[in-house]
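Throughout, a chain's letter reflects where its sequence line sits, starting with A, and its residues are numbered from 1.
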4 protein chains.
Amino acid sequence: MLQVGLLGAGRIGQVHAGNIAGHKDSVLAAVSDVNTAAAEALAREHGTSARSTEDILGNDSIDAVLIATSTDTHSDLIEAATAAGKAVLCEKPVDLSLSRARACLATAEATGQPVMVGLNRRFDPNFANLKAALDAGDVGKPELLSITSYDPAPPPVAYIKVSGGLFRDMMIHDFDMAAFIMGAAPVRVHAVGSAIVDPEIGTAGDVDTAVVTLTYDDGRIAVIKNSRRAAYGYDQRVELLGSEGLLQATNVLENTVVKSTAAGVSSAKPEHFFLERYRRAYAIEWNAFVEAVPNGRALPVTLQDGINALAVAEAATTSAETGQPVEVET
Amino acid sequence: MLQVGLLGAGRIGQVHAGNIAGHKDSVLAAVSDVNTAAAEALAREHGTSARSTEDILGNDSIDAVLIATSTDTHSDLIEAATAAGKAVLCEKPVDLSLSRARACLATAEATGQPVMVGLNRRFDPNFANLKAALDAGDVGKPELLSITSYDPAPPPVAYIKVSGGLFRDMMIHDFDMAAFIMGAAPVRVHAVGSAIVDPEIGTAGDVDTAVVTLTYDDGRIAVIKNSRRAAYGYDQRVELLGSEGLLQATNVLENTVVKSTAAGVSSAKPEHFFLERYRRAYAIEWNAFVEAVPNGRALPVTLQDGINALAVAEAATTSAETGQPVEVET
Amino acid sequence: MLQVGLLGAGRIGQVHAGNIAGHKDSVLAAVSDVNTAAAEALAREHGTSARSTEDILGNDSIDAVLIATSTDTHSDLIEAATAAGKAVLCEKPVDLSLSRARACLATAEATGQPVMVGLNRRFDPNFANLKAALDAGDVGKPELLSITSYDPAPPPVAYIKVSGGLFRDMMIHDFDMAAFIMGAAPVRVHAVGSAIVDPEIGTAGDVDTAVVTLTYDDGRIAVIKNSRRAAYGYDQRVELLGSEGLLQATNVLENTVVKSTAAGVSSAKPEHFFLERYRRAYAIEWNAFVEAVPNGRALPVTLQDGINALAVAEAATTSAETGQPVEVET
Amino acid sequence: MLQVGLLGAGRIGQVHAGNIAGHKDSVLAAVSDVNTAAAEALAREHGTSARSTEDILGNDSIDAVLIATSTDTHSDLIEAATAAGKAVLCEKPVDLSLSRARACLATAEATGQPVMVGLNRRFDPNFANLKAALDAGDVGKPELLSITSYDPAPPPVAYIKVSGGLFRDMMIHDFDMAAFIMGAAPVRVHAVGSAIVDPEIGTAGDVDTAVVTLTYDDGRIAVIKNSRRAAYGYDQRVELLGSEGLLQATNVLENTVVKSTAAGVSSAKPEHFFLERYRRAYAIEWNAFVEAVPNGRALPVTLQDGINALAVAEAATTSAETGQPVEVET
């Protein structure tokens with residue numbers, strides 16, 4: 001049984017707590033949060049105890065930590081946890097600063113501890129199935145990838161201001177999805193963005209609607225569309241044109257009911273947001289971590305993967321600001 | 001916390017064990033099975049103990065039992081458990097004999113204990129959503145109901161022989177679904193059936209393909225189609241024509257990936273069988289039981305509902321044998 | 001060039017006029033109608049002339065007639081036209097009386113002239129494709145056929161009174177579709193019907209909602225559902241369960257636009273009624289006639305086919321009246 | 001009756017010939033082609049005569065010409081036909097040279113004759129319905145437009161060499177679709193392209209796979225994806241994210257049959273290529289021309305629209321070559 005300390009008892013921490021506690025091979029040994037009450041409530045719900053982060057990292061009976069704290073603490077906690085001999089699963093993004101993330105990678109690697117980054121969409125059964133079909137040769141060689149990723153509604157502007165911007169905060173998932181599907185990093189990024197959903201977002205220096213084109217050294221192309229608002233819910237689609245066909249992973253609907261009346265034919269909306277759409281993905285992600293760590297097997301998503309996505313996000317941010325295509329540092 | 005004894009550690013008992021143990025307001029207190037090894041394995045998996053059925057019924061700290069044993073034991077166990085002061089959730093069908101089931105109802109009712117029958121499909125989110133849309137008046141008054149229910153493959157002929165026949169064993173779910181949607185019992189039943197999937201099933205005195213027409217006293221009509229075999233998996237669909245439109249609950253697919261090639265456009269198959277398709281329904285069913293019992297609230301599916309479905313099954317069996325429509329005893 | 005006289009300038013006659021005039025191998029030589037003004041208007045539109053039916057039948061330069069007059073004239077006109085040496089395409093149904101239709105068949109056959117009945121749905125590209133897939137063995141042997149056929153709204157009660165009833169007037173298309181798909185006539189028919197759409201239809205002695213079960217001598221089963229009203233338009237679907245899979249021909253939608261908003265996801269309705277849905281089918285039907293007649297090739301739908309559908313309709317009418325299954329006379 | 005001369009008897013000329021001859025208010029008065037035999041065959045099929053282009057333009061009884069010749073003759077023929085007092089419908093593109101097209105516009109405008117450009121996709125009922133829904137405010141204000149347009153297979157390299165390149169030859173339709181939907185011209189264009197379908201296309205100086213991002217002065221964005229090859233046929237989709245929802249116009253399938261077997265669930269492919277997919281669009285386009293010209297009404301697509309699309313194509317070509325975003329000259 002993997003003894004796990006959970007750092008962070010917020011919305012996403014709660015999802016992870018359920019998965020850790022519900023997995024047959026892991027135990028939720030302790031929870032910490034700067035908000036002590038939140039840590040205690042979550043600990044109580046799962047019959048475990050709230051501790052300080054220091055206690056958790058210092059406790060030799062704890063094998064692994066799951067980092068679900070605010071982004072600005074990720075690098076420090078990865079370094080501290082690996083130094084303390086823990087295996088780590090850290091929420092994305094690794095850091096808002098690419099150089100800081102790279103330093104973290106160097107420090108963590110020196111400890112030899114396994115670190116996985118929570119790029120959860122790779123574990124969505126639909127996207128995973130698309131990837132498997134591609135790998136099986138179902139549509140030949142990949143040529144043109146399209147990712148559509150719209151949130152139901154923008155976050156508060158206060159959040160936007162500390163988020164690192166749309167490319168680092170939101171599209172980073174799509175940059176990783178592109179890496180997952182294409183199996184390579186792009187060489188060049190072109191981004192355009194606007195604040196047309198909410199001018200306040202523009203005033204805060206960010207965009208809410210963006211299109212990014214990635215080009216690969218072998219001529220393949222990927223295009224990613226993001227919007228902070230989709231009135232109908234969370235829109236999460238991937239499609240890949242290959243030399244022998246097209247693969248599409250479409251939205252997961254809330255139910256299968258179709259209603260036909262004089263007003264038209266209507267069906268259910270997509271599952272509302274990431275907690276609903278990716279509930280299974282989070283569980284599968286946790287299972288992947290639990291199966292790999294005790295056996296010393298390779299993790300399916302690494303700290304390097306998180307840094308690769310961040311590097312593309314940084315290039316996209318520059319491209320959107322300058323209006324010029326940007327080469328990706330790798 | 002509801003202390004629950006599980007009677008029966010087979011395939012469906014295992015599903016229930018997970019739901020009982022995983023629910024925040026119930027505890028899996030003990031498991032019994034005629035196959036002691038099976039009971040012990042299941043108990044061990046959930047950190048509880050295997051006991052005899054007698055021990056479970058005699059244990060005052062146990063509040064409720066879930067009966068997931070073979071059909072021929074259901075009536076006896078419902079009577080014994082209610083006599084022992086337990087609330088009961090019993091798998092369908094109540095009994096293969098309508099008169100025995102009615103006697104069981106009388107005996108159980110005399111104890112005052114709540115008894116729910118596991119007609120799980122009412123809890124499928126898709127069918128429940130269809131019912132809610134109907135009740136909300138989305139398609140006006142119901143007129144014509146169609147239920148399609150095909151299994152992926154026929155069970156062994158040995159099972160067929162003790163099953164009570166297709167109408168009592170398989171279509172009973174659909175008879176209950178008709179009652180759930182239409183909110184009434186039919187007055188007349190006409191059934192036709194054939195053994196065209198497997199002639200051995202015919203030799204065993206049963207059918208594997210059947211169409212049943214139900215008529216209601218107000219002129220509404222329902223039609224149910226069953227087959228023991230669908231090469232593409234478990235086909236579970238409901239559609240209702242109302243005075244102002246149509247409601248359809250279609251199959252749940254394994255994933256959302258669509259592949260387009262020179263060979264055509266293909267998508268995933270329906271979830272394979274009842275354990276996959278109704279996994280969520282079983283959990284929601286258990287939650288409904290746990291929420292109702294300790295609070296003395298009405299159960300959403302009663303022993304009477306189970307008996308009503310059985311009465312229609314009996315009429316259908318007679319109709320298929322005689323070729324004549326049969327009035328339903330109510 | 002096939003010289004064609006059109007008898008009947010009503011709604012369906014106008015559709016045929018366009019197809020006759022638009023086909024490269026046929027000419028609309030004359031039009032007749034008891035409503036002379038209607039005949040003249042239609043003739044003028046296609047640059048031809050209005051004549052009496054007698055003139056058309058007596059004109060040796062006319063090779064074929066298309067009978068699109070009221071049902072009560074069909075048998076007489078088939079007899080007169082074949083006696084006059086014309087090839088005939090007659091709208092369905094052949095007659096409301098099965099015995100009169102059979103007498104007509106005998107008389108027409110004696111002339112040696114080819115007679116086709118306008119069971120147009122066989123020519124719908126979707127149903128034709130389903131039939132071709134079945135014949136190609138795509139789903140193995142057929143076992144259970146389902147036909148859904150709902151009109152957008154009931155006709156006037158005055159029409160209902162002279163229509164011969166739902167089974168002869170409306171479901172006759174579905175009886176022929178069953179014959180087309182199953183390649184055989186049923187041995188037994190069970191019908192239930194209600195007047196729940198409009199009680200006036202019940203007062204007129206007819207039903208507006210009906211379910212018919214057909215059984216075949218080899219154990220195959222077909223079920224047909226009809227309603228005179230579907231608030232969302234014309235619902236025309238066929239599905240066939242075979243030993244190795246399922247074939248479904250679904251509705252043709254008015255367009256492919258899908259709209260997703262906070263209110264849900266909506267798409268276009270089915271094409272509104274038979275003139276829209278079967279526009280292509282009528283053109284393909286006419287082409288089949290034009291290709292067969294001058295070359296003496298077998299017609300794809302014969303007078304016998306029309307009579308077979310009528311025989312099933314008669315049995316269904318009796319079954320709905322008596323409540324008993326009825327053997328089909330063949 | 002509009003008397004129409006058709007210039008060009010090739011594949012697309014044949015489609016137009018059928019629409020001209022089949023329309024109740026137009027007559028196919030003459031056909032010309034540099035291939036005299038082709039002109040004669042097409043004329044014969046429609047019962048008209050083959051003439052030289054000079055004869056057609058000099059014939060005072062001819063009111064309009066449809067130009068369906070090779071692209072390099074378009075500007076000259078538009079000028080000659082308008083000078084001769086004919087109304088003109090000219091196939092796209094107006095010219096491969098933007099400056100030549102602009103000169104043509106000036107010359108044609110001076111004659112006062114109406115000139116329409118055959119940007120047929122605006123008349124596709126699906127795209128037209130999407131546009132109407134947008135204009136009706138169904139999804140609020142447009143924000144992000146996506147157009148997917150893949151051909152089934154690349155044309156011969158010999159054609160590629162004289163085509164003006166993918167952006168002028170193929171994506172020009174999508175540039176016009178963007179103008180149609182967005183109701184404005186973009187201010188900036190970024191294009192990336194590769195020759196990954198066929199390296200020979202690259203050797204010929206063109207690309208076969210491309211992604212173009214258009215930005216508008218108010219912050220709206222459009223992205224267009226083109227590929228010269230889609231193994232599954234002609235892929236033609238438009239989707240628009242608005243402030244209150246999403247509109248999607250998906251592919252038109254060859255039929256509605258769905259087949260479910262052990263191998264999966266499959267449906268028909270999209271209609272194969274433009275002649276099938278846009279057959280109705282061509283007829284509706286012709287009808288729009290015939291309804292507008294004799295009544296002096298404004299044409300729905302003008303020569304200026306054709307030039308606008310060409311201006312974007314030129315900017316995209318430059319962007320793909322230089323790797324830099326390009327401002328659109330307007």
Using non-hydrogen atoms only, which part of [X] is less than 4.5 Å away from chain A: side chain, backbone, both, or neither?
X: V192(D); answer: both
X: T215(D); answer: side chain
X: D198(D); answer: neither
X: D235(D); answer: side chain
X: A210(D); answer: backbone
X: I196(D); answer: both

Can you measure from CG (L241(D)) to OG1 (T148(A)) and round to the nearest 0.5 angstrom?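 It is 9.5 Å, given to the nearest 0.5 Å.
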Can you tell me how far apart CG (L246(A)) and OH (Y150(D)) are? Round to the nearest 0.5 Å. 6.5 Å
Closest non-hydrogen atom pair between I221(D) and G193(A), with its separation: CD1-CA, 4.3 Å
Quick one: closest heavy-atom pair of L144(A) and N226(D), and the distance?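 That closest heavy-atom pairing would be CD2-O, 4.2 Å.
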Among S243(A), G233(A), A230(A), residue most engaged with chain D (heavy-atom pairs, under 4.5 Å): S243(A)
Heavy-atom pairs under 4.5 Å with chain D are the metric here; pick the option from E143(A), H190(A), R220(A) that has the most. H190(A)
Chain A interface, residue from A231(D), G245(D), P325(D) that has the most non-hydrogen pairs under 4.5 Å: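 That would be P325(D).
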Under a 4.5 Å heavy-atom cutoff, which of S146(D), G140(D), G242(D), S227(D) has the most pairs with chain A?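 Heavy-atom pair counts peak at S146(D).
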More than 12 heavy atoms of other residues, nucleotides or ligands under 6.0 Å from CZ of R279(A): is that the case? no
